[in-house]
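First the structure, in the form of structure tokens, and then the observations on it.
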Amino acid sequence: MTRRKEPLRTIEPGKVRMYVCGVTPYDSAHIGHGMSLTSFDVIRRYLEHRGYEVRHIQNFTDIDDKIINRANAENIDPDALTEKFIAEWLEQTRALNALPASHYPRATEEVGPIIEMVQGLVDRGHAYAVDGDVYFRVRSFPGYGKLSHRDLEDLLAGARIEVDERKEDPLDFALWKAAKPGEPSWESPWGPGRPGWHIECSAMSSSYLDGQVDIHGGGADLIFPHHENEIAQSEAYLGVEPFARYWVHNGLVRVGADKMSKSLGNFVRLKEIVDRGLGPAFRLMVLQSHYRAPLTYTEEGLLAAERGLSRLRAAADPSAAAIAIEDGESSPASDLAALADESQRRFHEAMDDDFNAPEALAVLFDLGRAINRARGAGQAPESIEAARVTLVDLAGVLGLDLQEVSDAPFADAAPFIDLLLRVREELRERREWALSDLIRDELGKLEVAVEDTPAGATWSQRRG
RNA sequence: GGCGCCAUAGCCAAGUGGUAAGGCACGGGUCUGCAAAACCCUGAUCGGCGGUUCGAAUCCGCCUGGCGCCUCCA
């Protein structure tokens with residue numbers, strides 16, 4: 001609201017009520033949704049890490065024009081359509097290692113409270129009904145525009161859509177829409193109809209978070225009109241101000257110089273990334289830029305993140321052996337332990353400052369390097385363990401699982417690859433390097449990277 | 001037209017008054033049969049101009065370029 005960072009003071013000490021605008025399940029989610037999901041997941045994880053109890057609500061707006069149109073186009077029931085995409089969303093939530101929300105209310109299951117709220121607004125003079133529609137009377141709410149910092153006259157001047165003549169004022173927006181023939185509808189005091197776009201979030205945040213929320217989140221593209229309208233509805237209805245204490249908006253994903261969006265048709269589906277097993281890399285890519293800033297998406301950037309991730313994974317690998325090198329200047333183990341504490345501190349400092357994940361990640365990369373250096377200097381695994389555990393734990397706070405084994409795509413081929421490597425070991429003992437290198441090179445072309453270590457050859461998947 | 005944001009090394013990207021994090025890529029080196037991984041070394045004065053200040057990437061003004069919102073959108 002103030003467009004500034006502010007210290008977090010919650011309604012109830014130690015507890016955070018967080019509401020994040022979810023998706024309208026009429027199509028597959030794209031990476032913009034993935035970014036939002038990841039950003040707020042990290043915020044939630046960090047708050048929990050800091051000891052807060054977080055009630056996290058994410059809604060599904062499972063009834064609106066787009067859903068109806070799409071369902072008609074595919075000649076299926078709207079419910080069938082939304083079920084499908086809700087299931088897909090939950091699946092991708094898992095694939096991106098985002099914690100599930102505490103509740104996932106759906107607009108269609110909250111029609112009662114929505115009607116109640118609309119009625120309340122009518123009763124209070126903030127809304128009026130016309131031909132089965134109900135509109136919010138924007139001019140009745142003095143604070144309108146305070147989030148997006150617009151004033152009413154500017155909005156009028158910039159209006160680009162045709163004005164519905166039945167509205168008292170062009171700025172008024174629909175709380176309830178009368179049903180057209182064939183559309184899903186619910187009975188209401190104004191006749192059969194369905195909720196307008198913004199009201200579901202107001203109703204759901206009220207009923208699941210006791211009226212007022214601490215953190216209300218969503219993409220930056222929701223600031224206006226969605227969140228502005230939510231504020232108007234909720235504050236006018238509840239008589240509580242502010243309805244949300246902290247508004248948190250993630251930056252939008254860009255493809256090249258442009259924003260990625262459905263309307264521009266330049267979107268990348270989350271599925272395409274998840275199906276390739278690059279979910280974790282996507283998370284790292286998102287975290288490498290601040291949540292408020294726009295994220296430039298490129299395939300190259302995704303693969304770069306995948307490589308960065310393997311670097312962290314390697315440092316976190318408990319089975320990585322120290323490679324003894326006769327180096328007099330190996331630092332004592334206590335230095336590494338001290339560095340682990342220092343990393344802990346820097347990590348918290350970064351995240352305490354408006355969830356600066358890029359900074360926090362830099363700390364992890366630094367710690368990883370120190371661990372590798374210690375191994376290179378031949379330090380005993382026991383003396384490295386504390387730092388290693390710190391690395392794994394802190395990465396976990398960001399939702400990065402460094403110990404995850406991601407050879408799944410090659411699971412079926414594993415026995416054969418192992419066999420090839422055994423043969424190759426034999427060849428290497430006989431110094432038949434041409435042939436052993438051929439095996440390594442050919443496997444490499446199949447994205448199987450072979451590495452010879454003092455403990456024997458290992459392999460792993462490597463992309464790009 | 002209104003509101004607002006951004007411009008940092010080849011790419012991505014932190015840093016909002018005290019002298020430029022991190023990742024990826026490139027080059028050199030150590031290690032290796034050769035590689036890979038890992039480690040070491042190497043690179044930017046922060047779009048331009050002017051101002052404030054002992055001191056600015058960081059504050060102010062102007063300019064240039066790009067983007068977003070004002071209409072469905074995470």
Side-chain angles (χ1 to χ4, degrees), chain A residues 3 20-24 26 29-40 64-66 145 148-151 153-162 197 217-226 228 249-254 257-264 267 284-285 287-290 292-298 300-312 314-315 320 323 325 327 346 350 353 356-366 368-369 371-377 428 431 433-434 436-437 440-441 444 449-454 457-460 462 464:
Chain A
R3 293 182 170 167
V20 181
C21 285
V23 294
T24 299
Y26 73 103
H30 56 66
I31 54 181
H33 300 110
M35 177 185 181
S36 187
L37 179 70
T38 303
S39 299
F40 288 102
D64 90 335
D65 293 342
K66 296 189 292 289
S148 54
H149 295 262
R150 292 161 210 268
D151 68 55
E153 307 318 314
D154 290 342
L155 282 170
L156 277 179
R160 283 193 254 152
I161 47 171
E162 293 175 43
W197 175 33
D221 52 351
L222 296 180
I223 294 172
F224 190 92
H226 186 58
E228 197 65 71
H249 292 104
N250 62 273
L252 303 180
V253 173
R254 295 198 304 209
D258 299 317
K259 161 189 155 178
M260 183 184 75
S261 75
K262 297 271 174 80
S263 39
L264 290 176
F267 62 93
L284 183 67
M285 183 180 68
L287 296 184
Q288 279 187 305
S289 116
H290 191 95
R292 271 187 285 114
L295 173 71
T296 307
Y297 175 82
T298 58
E300 189 194 2
L302 182 65
L303 294 175
E306 172 67 12
R307 279 181 218 116
L309 192 57
S310 12
R311 184 180 173 70
L312 289 176
I323 302 163
I325 295 171
D327 187 327
R346 281 174 58 203
D353 183 13
N356 193 332
E359 193 82 50
L361 271 173
V363 174
L364 299 190
F365 277 102
D366 285 343
R369 178 177 302 106
I371 290 171
N372 286 330
R373 194 186 298 140
R375 284 199 186 114
R428 290 186 68 217
R431 306 190 159 256
W433 282 306
S436 71
D437 287 353
R440 186 175 62 197
D441 294 346
V450 175
E451 294 178 27
D452 297 314
T453 72
T458 64
W459 65 271
S460 57
R462 182 187 177 84

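Just so we're clear, the structure is a prediction, and the values are computed from it rather than from any experiment. All chains are named by letter (A, B, ...) in the order of the sequence lines, taking the proteins before the strands, and each is independently numbered beginning at 1.
For B:A38, the paired base is B:U30 (Watson-Crick or G-U wobble, both distances below 3.5 Å).
Side-chain proximity of A:H33 to the nucleotides B:A74, B:C70, B:G15 is greatest for B:A74. The side chain of A:T296 lies closest to B:A13 when the candidates are B:A13, B:A74, B:G2. Set against B:G15, B:G33, B:G68, the side chain of A:D452 has B:G33 as its closest nucleotide. The listed nucleotides are B:C11, B:C72, B:A74; the one nearest the side chain of A:C21 is B:A74. Of all nucleotides listed (B:A21, B:C39, B:A74), B:A21 comes nearest to the side chain of A:A362. For A:D437, counting side-chain heavy atoms from C-beta on, the closest listed nucleotide (B:C34, B:A74, B:G22) is B:C34. Closest contact between the side chain of A:P358 and the listed nucleotides B:A21, B:C3, B:C11 involves B:A21. With B:A74, B:C70, B:A36 as the choices, the nucleotide that has an atom nearest any side-chain atom of A:M260 turns out to be B:A74. Closest approach to the A:Q288 side chain among B:C70, B:G2, B:G22 is made by B:G22 (side chain taken as heavy atoms from C-beta onward). Nearest nucleotide to the side chain of A:F224, out of B:C11, B:C70, B:A74: B:C70.
Stacking of the aromatic ring of A:F365 onto the base of B:G23 is not found under the criterion of centres within 5.5 Å and planes under 30°.
Not counting sequence neighbours, A:H290 has no partner by the ring-ring contact (aromatic ring centres under 6.0 Å, His included) test.
Contact detail for A:A315 and A:I371: the closest heavy-atom pair is O-CG2, 3.7 Å. Heavy atoms only, all atoms of each residue included: A:A350 and A:A360 are closest at CB-N, 3.7 Å.
Across all strands shown, A:V363 has no heavy atoms under 4.0 Å from either base or sugar-phosphate atoms. Nucleic acid contact for A:G219: sugar-phosphate only, since backbone atoms but no base atoms lie under 4.0 Å from a heavy atom of the residue.
Between A:R369 and the phosphate of B:C40, there is a side-chain N or O to OP1/OP2 separation shorter than 4.0 Å.
Rounded to the nearest 0.5 Å, atoms NE2 (A:H249) and SG (A:C21) are 7.5 Å apart.
For the C1' atom pair drawn from B:C31 and B:G65, the interatomic distance equals 48 Å after rounding to whole Å.
Rounded to whole angstrom, the span from the CG atom of A:L302 across to the C1' atom of B:C11 amounts to 14 Å. If you take CE of A:M285 and P of B:C24, they are 15 Å apart, rounded to a whole angstrom.
For A:R440 and B:C34, a side-chain-to-base donor-acceptor distance below 3.5 Å is present, hydrogens and geometry of angles not being considered. Judged by atom type and distance alone, A:R428 reaches the base of B:G33 through a side-chain donor-acceptor pair under 3.5 Å.
Not one N or O on the side chain of A:S36 forms a donor-acceptor pair closer than 3.5 Å with the backbone of A:H33.
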